[in-house]
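Would you mind keeping the following structure in view while I ask a few things?
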2 protein chains.
Amino acid sequence: MFSNTAKYAIKACLFLAVNSSEVNKLVIKDIAEPINVPSAYIAKILQALSKKDIISSTRGPKGGFYLTKNQFQTNVMQIIEAVDGEERLNSCLLSLEKCNSDNPCSLHHLVYEEKHKINERLKRTTLEDLRQHIMRGESILPL
Amino acid sequence: MFSNTAKYAIKACLFLAVNSSEVNKLVIKDIAEPINVPSAYIAKILQALSKKDIISSTRGPKGGFYLTKNQFQTNVMQIIEAVDGEERLNSCLLSLEKCNSDNPCSLHHLVYEEKHKINERLKRTTLEDLRQHIMRGESILPL
DNA sequence: TCTTAAATATGATTTTTATCATAAAATATC
DNA sequence: GATATTTTATGATAAAAATCATATTTAAGA
């Protein structure tokens with residue numbers, strides 16, 4: 001459904017949302033280990049996210065990764081799109097370009113509605129929402 | 001969501017369901033071209049499907065691929081599992097082994113219900129169902 | 001029984017994705 | 001300003017998925 005990269009990106013952002021702030025930056029190693037992702041790999045992903053302004057970073061001593069106030073409002077879909085590209089999620093199940101509601105492919109009606117709902121929810125859910133969910137103990141921070 | 005292989009497998013089975021029968025077998029080329037999949041690749045997929053008894057085949061002149069009566073009752077999920085393996089569809093969005101309803105990961109509630117519905121529908125929908133849908137003009141055979 | 005037309009088995013190649021490694025640039029602190 | 005610590009840029013390697021190629025086996029029909 002999502003690439004490994006996208007999953008890792010979500011994990012990392014969520015970890016930042018829960019554990020970091022502008023005055024408490026996290027260094028790569030302190031992110032990679034707890035979320036259980038190879039650090040050289042997550043480094044690359046964090047770089048990409050930072051470039052797309054999904055997360056923030058500063059170099060040098062006392063530097064690291066963190067989220068700004070605004071960035072807590074990033075939704076999950078934006079994270080996925082930032083690393084996987086737009087189409088991946090929106091493409092037809094059977095990879096037909098011609099497939100749409102007017103000209104549905106054979107599996108269209110089997111999944112369309114639910115797929116749409118999932119996408120909408122991913123768009124509507126922000127890092128802040130997920131953070132609160134975790135804080136309330138309603139879900140676990142992934143490891 | 002699914003691998004290319006799974007998509008191709010579905011396309012091919014559906015094409016067989018609509019166009020073949022025990023007395024009208026289809027040769028690889030006659031499947032590959034209309035469904036727009038490289039013929040050496042679909043050949044390999046058809047072999048795998050045949051081995052798992054999702055489709056039938058006979059070699060030699062007048063040979064080819066086709067579905068038996070029983071095989072029209074194969075559901076879409078079975079096709080996907082035959083080529084992708086069981087777990088792919090059931091794995092957690094964030095790839096956590098520990099994630100389940102009792103111990104939900106952070107994205108669990110965002111997608112679980114819909115994902116479950118999709119899976120159920122894929123299990124409940126047979127090739128015969130899809131064939132009829134196409135015959136009634138309610139969806140298109142994918143190219 | 002020979003020839004031909006088909007699937008099957010096997011494995012090679014290419015492309016994509018995932019992962020690892022490291023030199024360069026930036027910044028805080030002394 | 002020198003040093004140490006961090007991200008950034010870049011590219012190399014490994015693994016997996018997709019694709020291509022071909023020799024072997026099977027079965028029909030002449």
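What you see below is based on every heavy atom in this structure, not just the backbone, and it leaves out hydrogens, waters and symmetry mates. Per chain, numbering begins at 1; letters A, B, ... match sequence-line order. Source: prediction; values computed, not measured.
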Problem - C:dT17 OP1/OP2 closer than 4.0 Å to side-chain N/O of A:Y41 - result: no

Problem - Donor-acceptor under 3.5 Å (B:Q78 side chain, B:N75 main chain) - result: yes

Fill in the blank from the handout: Output for pair (A:I140 CD1, B:D102 CG), nearest 0.5 Å, gives 11.0 Å

Exercise for the section: Respond yes when some side-chain nitrogen or oxygen of B:T5 is under 4.0 Å from OP1 or OP2 of D:dA18, and no when none is. Expected result: yes

Short heteroatom pairs, N/O only, protein and nucleotides 10-14 of chain C, under 3.5 Å:
residue: C:dG11; atom: O6; partner: B:K44; partner atom: NZ; Å: 2.0

Problem - 5'-most by nearest nucleotide on DNA chain C - B:L46 or A:A40 - result: B:L46

Problem - Residues forming a side-chain contact (heavy atoms from CB on, under 4.5 Å) with A:E120, sequence neighbours excluded - result: A:H116, A:K123, A:R124

Completion exercise
d(B:L122 CG, B:N119 CG) to nearest 0.5 Å is 6.0 Å

Handout entry: Contact residues, residues 56-66 of chain B to DNA chain C [heavy atom, < 4.0 Å]
Key = B:S57, B:T58, B:R59, B:G60, B:P61, B:G64, B:F65

Exercise for the section: Look only at the side chain of A:N24 and the backbone of A:N19, and say whether a donor-acceptor pair between them is shorter than 3.5 Å. Expected result: yes

Exercise for the section: Whole angstrom is fine here: how far is it from CZ in B:F2 over to C1' in D:dA18? Expected result: 18 Å

Handout entry: Sole residue of B:E113, B:K115, B:R121 in side chain to side chain contact (heavy atoms under 4.5 Å, CB included) with A:E114
Key = B:R121

Problem - Sugar-phosphate only, base, or nothing, as touched by B:S39 at under 4.0 Å among non-hydrogen atoms - result: nothing

Problem - Partners meeting salt bridge (charged side-chain N to carboxylate O under 4.0 Å, His left out) with A:K44 (sequence neighbours left out) - result: none

Practice task
Take atom CD1 of B:I45 and atom P of D:dA17, then tell me their distance rounded to the nearest Å.
Solution key: 13 Å

Handout entry: Within residues 16-32 of chain A: residues closer than 4.0 Å to DNA chain D (heavy atoms)
Key = A:L26, A:V27, A:I28

Fill in the blank from the handout: A:I42 atom CD1 is separated from D:dT8 atom P, nearest whole Å, by 13 Å

Report, one line per pair, each donor and acceptor closer than 3.5 Å where one atom sits in a side chain of residues 48-60 of chain A; sequence neighbours left out.
residue: A:S50; atom: OG; partner: A:S57; partner atom: OG; Å: 3.2
residue: A:K52; atom: NZ; partner: A:A82; partner atom: O; Å: 3.4
residue: A:S56; atom: OG; partner: A:Q71; partner atom: OE1; Å: 2.8
residue: A:S56; atom: OG; partner: A:Q71; partner atom: NE2; Å: 3.1

Exercise for the section: Classify the ring geometry between B:H133 and A:H109 as parallel (under 30°), tilted (30 to 60°) or perpendicular (over 60°). Expected result: parallel

Exercise for the section: Rounded to the nearest 0.5 Å, what's the gap from OG1 on A:T125 to CD1 on A:I79? Could you check? Expected result: 10.5 Å

Practice task
Rounded to the nearest 0.5 Å, what's the gap from CD1 on B:I10 to CG on B:L14? Could you check?
Solution key: 8.5 Å

